[in-house]
Amino acid sequence: MIEVAESLNAESKSMLGTEAIGFEHTTEFNTVITNKGKFKARKTIFCGGLQADRLAKKDGVKIKEKVVGFRGDYYELTEQAKHKVKNLIYPVPNPEFPFLGVHFTRMTDGEIECGPNAVFTFKREGYGKTDFSLRDTASALSYGGTWKLFFKNMSFGVKEYRRAFSKKLFLKTLQELIPSLTMDDIKPGRAGVRALLLGADGDTRDDFRIEYAQNSIHVLNAPSPAATAALAIGDEIREMAEKHFNLK
Ligand SMILES: Cc1cc2nc3c(=O)[nH]c(=O)nc-3n(C[C@H](O)[C@H](O)[C@H](O)COP(=O)(O)OP(=O)(O)OC[C@H]3O[C@@H](n4cnc5c(N)ncnc54)[C@H](O)[C@@H]3O)c2cc1C
């Protein structure tokens, strides 16, 4: 993937394991301060996912909302059950919730993922069930929007937490799509964390949100299907950059 991206432009470079920790601005340059040194750029585009709001604030963008993380745990079908899913099995989404609900996805490596659930995470990049970060938890719980979200969705949240720790309850939800599924048909899989932009009113912002500052563009909210729509979002950002930065 990185080779493909770099081959499109000989001057491009990908730097893994490099954390942007601060910014300096002059009228001509943005300086990105990282754990591996400083980098100067005339224009910068930020796609920071779970850290998007913090990066935007550090870059001087005024943003009222906050990013909160919702972990999604997956199970996988065991060998004996793989014949039960030939393609994709998806539910009809409930527009009340920002989450689709559990579904069955045939992956390119032949595995079949089932899930995810949706539980509030106490660490933004917390992929384990008991992961905790004091900074992230304090930041989320000192924000009124988080409490409003909790109170509005109390029974949904409690159910999701119980399912996170109970294979039996997880199976019950999966059985709504495949009634013949048994405990032996599923085994624990991986987990992901969704970044949701949460308003002070307790509502998650469900649409894409891209803002620009003087010399930078920030992708503040790119909820699913942002991965599927990545190329189209890239085009949108390019158009914004051309227009806003007079690049044409
Ligand atoms: C469980 C789950 C299932 C999903 N299913 C689907 C699906 O079926 N279809 C779909 O379209 N989408 C799906 N999504 C959503 C999709 O993954 C996201 O919408 C998409 O990844 C958002 O892209 P992004 O670039 O905004 O953020 P990310 O993909 O999270 O990328 C952000 C990047 O910024 C980096 N970063 C953060 N802070 C810093 C910093 N300070 N310095 C340097 N780098 C930094 C991170 O390491 C990361 O690499 C799913 C997400 C989850 C969690």
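The first residue of the sequence shown is numbered 1, and numbering continues consecutively from there. Just so you know, these numbers come straight off a predicted model, no measurement behind them. For ligands, and for the atoms within them, numbers begin at 1 and follow the listed sequence.
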Side chain, backbone, both or neither: which part of [X] has a heavy atom under 4.0 Å from ligand 1?
X    : answer
L55  : side chain
A229 : neither
T34  : neither

**Item:** Hydrophobic cluster identity match, I237 and F245, side-chain contacts under 4.5 Å
**Value:**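 In one cluster with I237: F245, yes.
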Considering only protein heavy atoms, which is closest to [atom], and at what distance to one decimal place?
atom                    : value
atom 31 (O) of ligand 1 : C47 O, 4.0 Å
atom 46 (C) of ligand 1 : G48 O, 4.9 Å
atom 3 (C) of ligand 1  : Y74 OH, 3.3 Å

Among all the protein's heavy atoms, is there at least one whose distance to [atom] comes out below 4.0 Å?
atom                    : answer
atom 29 (O) of ligand 1 : no
atom 53 (C) of ligand 1 : yes
atom 35 (C) of ligand 1 : no
atom 48 (C) of ligand 1 : no
atom 22 (C) of ligand 1 : yes
atom 38 (N) of ligand 1 : yes

Shortest heavy-atom approach to [atom] - which of [options]:
atom                    : options            : answer
atom 9 (N) of ligand 1  : T228, V32, N221    : T228
atom 41 (N) of ligand 1 : A20, A52, G49, G17 : A20
atom 7 (C) of ligand 1  : S224, A118, A222   : S224

Pairs of nitrogen or oxygen atoms closer than 3.5 Å, one from [X] and one from ligand 1: do any exist?
X    : answer
V219 : no
G72  : no
A227 : yes

Contact atoms of ligand 1, heavy-atom distance to [X] under 4.0 Å:
X    : value
Q51  : 37 (C), 38 (N)
R194 : 52 (C), 53 (C)
T18  : 42 (N), 43 (C)

Flag the pair [X] and [Y] as a salt bridge only when some basic side-chain nitrogen lies within less than 4.0 angstrom of an acidic carboxylate oxygen.
X    : Y    : result
R190 : E113 : yes
R238 : E242 : yes
D131 : R71  : no
D201 : K148 : no
E111 : R106 : no

**Prompt:** Hey, is the main chain of F208 close enough, under 3.5 Å, to the side chain of N221 for a donor-acceptor pair?
**Reply:**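 Pair absent, no side-chain N/O of N221 close to backbone of F208.
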**Prompt:** Is the side chain of S139 donor-acceptor paired with the backbone N or O of T137 at a distance under 3.5 Å, no angle test?
**Reply:**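 Not confirmed, S139 side chain does not pair with T137 backbone.
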**Message:** Measuring centre to centre across the rings, with the benzene-like ring taken for any Trp, is F150 within less than 6.0 Å of F120?
**Reply:**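 Close enough - the centres of the two rings lie under 6.0 Å apart.
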**Item:** Output field: ring centroids F23/F29 closer than 6.0 Å
**Value:**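 Judged by ring-centre distance (under 6.0 Å), F23 and F29 do not meet the cut-off.
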**Prompt:** Which salt bridge (charged side-chain N to carboxylate O under 4.0 Å, His left out) pairs, counting each pair once, include a residue from residues 208-229, with sequence neighbours left out?
**Reply:**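 Listed by first then second residue: E65-R209, R209-E211.
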**Message:** I need the full list of side-chain hydrogen bond (donor to acceptor under 3.5 Å, both in side chains) pairs touching residues 156-167, with sequence neighbours left out, sorted by first then second residue.
**Reply:**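 Residue pairs with at least one partner in residues 156-167: E160-R163, R163-T173.
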**Asked** Atom CD1 of I33 and atom CZ of F39: how far apart are they, to the nearest 0.5 Å?
**Response**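 Going from CD1 on I33 over to CZ on F39, the span is 11.5 Å.
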